[in-house]
Amino acid sequence: MSNKIQTLSGYIHEYQKSVQDPDNFWGRIADSFYWHKKWDRVVDWDFEKPDVKWFVNGKLNITENLLEKHLFLLGDKPAIIWEPNDPKEAVRTITYRELYEMVCQFANAMKAQGVEKGDRVIIYMPMVPEAAVAMLACARIGAVHSVVFAGFSAKSLADRIEDCQAKMVLTSDGNFRGDKKIAVKKVVDEALENTSSVERVIVLKRTGHEVIMKDGRDIWWSDAIEGVSKENKAEVMDAEDMLFILYTSGSTGKPKGVVHTCGGYMVYTTYSFQNVFQYNSGDVYWCTADIGWITGHSYIVYGPLLAGATTLMFEGVPTYPNPGRFWAICDKHQVNQFYTAPTAIRALQVFGAEPLKPYALDSLKVIGSVGEPINEEAWHWYHDHVGKGKCPIVDTWWQTETGGVMVSPIAGVTPTKPSYATLPLPGVQLAILDNDGNELKGNSVEGNLCIKFPWPSILRTTYGDHERCRQTYFSSFKGYYFTGDGVKRDEDGYYRILGRVDDVINVSGHRMGTAEVENAINEHPKVVESAVVGYPHDIKGQGIYAYVICDMEGRSEENLKNEIRETVNKIIGPIAKPDRIQIVSGLPKTRSGKIMRRILRKIATGETSNMGDTSTLLNPDVVEEIIEGAANVS
Ligand code: 6R9
């Protein structure tokens, strides 16, 4: 496609155009999509209200741009390759024509079950092609999907159903994950005991779990599509009609429903996908995220399929049946672009290079990272062992709220630097602000990462609570979108994300990114992972508390702690030496792999009487262990 940047000077040129004349820049890109009616204005915006509209009065259906648009040239090409949890089970390959038919048919089925334009539909499903079909069928008829990660509890599911007053739930009997079999429908049943808006539940058969089908409410997927037409006329949507809601946790307890709309999201996910990954026709692209997260929405389903790519979907986990699974899949399907999270990289790093040995990994051209800052050690391991030193790493910084990648190398175009997300994509106008709201110009500066001009896939609101959206993102710095992340722009103008600003600690007047300290700690060869938080310190203001997972073999705890301190001393300097180190067996993590620092901060501070909501943790048991261990920490 002509929108693809191919050289560094091309990037600079496009970037400049996007800032000087955003209307013309995005208008030209949007021109390559199919619209029932073109827009009257490219963008209207006011960050104080906030009120942002893209492609004003444009009419479209996103699925026509993903299905009909590709039928002629790509009808027989694979849209989705599905790799099951169990490598012995058959792979499924779904062509663009088959996807078109599946989406149309399921769209008709949903309509027949009473879903109308504007209704909210919860998708609580495993990683199977039908989950993508479900999302697209919603978009086809103008229903608003809200995917909930199928590992969330009944309580979390119920909260989300309640918040958006969903009319329908799409689910499965069960879910395979590694050697586990999870009874998914049971969770839905429990959630629905405490909610009243849901009228229908459509259940896909996957595991053969025994399920109770509630009369008049539950229907099997296969029955719902039985005899239903595979032709469907897409609902014509306004560019600013809601496409989906995705719940995400913020600094306060209750998750908020981030809202994305049809036109801008379509344009931006396509554009960013094509450029960041440099996808070429015929390539096989694989993102290991779950569709329950924004990465799965934008870069398993919408972005790749809008771009006519072949997107691989994996049902399982990286360590099943063994820690070579990712690499086996890369070879088996000749994956060209591979996109995963630092947490997965580090988890696999623990097994060393052995599990990679049987695999050539020679189809890989681009490898990507998303979700958290990638520490230097993991970056190098990924680069050397997975990318074999020849694949550019695209470290992509973005958020549920941004809809698409904001800061990232363009593969093969932008020179990379370990742990740097590098440069903003065209259209993304970053600003670094100090705590008083002054924009810090020039290079070698550090501060709050803000964005001063809208991009097409910016969140429009938080569902049902616009004031919360204003407060969270648009009130800290007047006239700016505030990301909540800290950032450094180095002497070359390159961006390095330092982690959430609430994780920045100030030790004796020196500001430090917790990620920076963690990076240093992780350099110690025995350290697997670490998390650093600040705690009140009489003399320094804040002290540094490090929770460290490490291989203790052949060392006493005391020696190891001293060595870790010395490593940090060597890499950053004496000010960054952890005051307290606690050796732990695990870190409290959300199901998307993020460390719950709120909990660690409380433990470090000694405030363990009220730990708040730990229900979304992957491993709640570890919290008790850490609290106990904390008593003896020096
Ligand atoms: C896409 C996604 C958003 C937060 C974000 C930041 C962190 C994401 C990152 C990164 C450093 C990267 N984050 N990507 N930090 N480098 N490449 O993860 O969305 O789940 O909403 O998380 O994740 O702190 O603010 P989401």
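Please read all numbers here as calculations on a predicted model, not as lab measurements. In each ligand, atom 1 is the first atom listed, and ligand 1 is the first ligand listed.
Under 4.0 Å is where a charged nitrogen must lie from a carboxylate oxygen, and between Lys4 and Glu14 no such pair does. A salt bridge links Glu518 with Arg597: the distance from a Lys NZ or Arg NE/NH1/NH2 to an Asp or Glu carboxylate oxygen falls below 4.0 Å. Between Glu372 and Lys594 there is no salt bridge, since no side-chain nitrogen of the basic residue lies less than 4.0 Å from a carboxylate oxygen of the acidic one.
Using a 3.5 Å distance cut-off with no hydrogens or angles, the side chains of Tyr463 and Arg120 do pair a donor with an acceptor.
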Note every protein N or O atom lying under 3.5 Å from an N or O atom of ligand 1, pairing the names and giving the distance.
residue, atom, partner, partner atom, Å
ligand 1, 13 (N), Gly371, O, 3.3
ligand 1, 14 (N), Gly371, N, 3.0
ligand 1, 15 (N), Pro373, N, 3.3
ligand 1, 16 (N), Glu372, O, 3.4
ligand 1, 17 (N), Asp395, OD1, 2.7
ligand 1, 17 (N), Thr396, O, 2.8
ligand 1, 19 (O), Thr400, N, 3.4
ligand 1, 20 (O), Lys594, NZ, 3.1
ligand 1, 21 (O), Thr400, N, 2.8
ligand 1, 21 (O), Thr400, OG1, 2.6
ligand 1, 23 (O), Gly371, O, 3.1
ligand 1, 24 (O), Asp485, OD1, 2.7
ligand 1, 24 (O), Asp485, OD2, 3.2
ligand 1, 25 (O), Gln399, NE2, 2.9
ligand 1, 25 (O), Asp485, OD2, 2.5
ligand 1, 25 (O), Arg500, NH1, 2.8

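Geometrically, Lys452 does not engage Tyr480 in a cation-pi contact defined by less than 6.0 Å to the ring centre and at most 45° from the axis.
Just one residue in the list Trp327, Tyr339, Phe338 forms a ring-ring contact (aromatic ring centres under 6.0 Å, His included) with Trp286, and that residue is Phe338.
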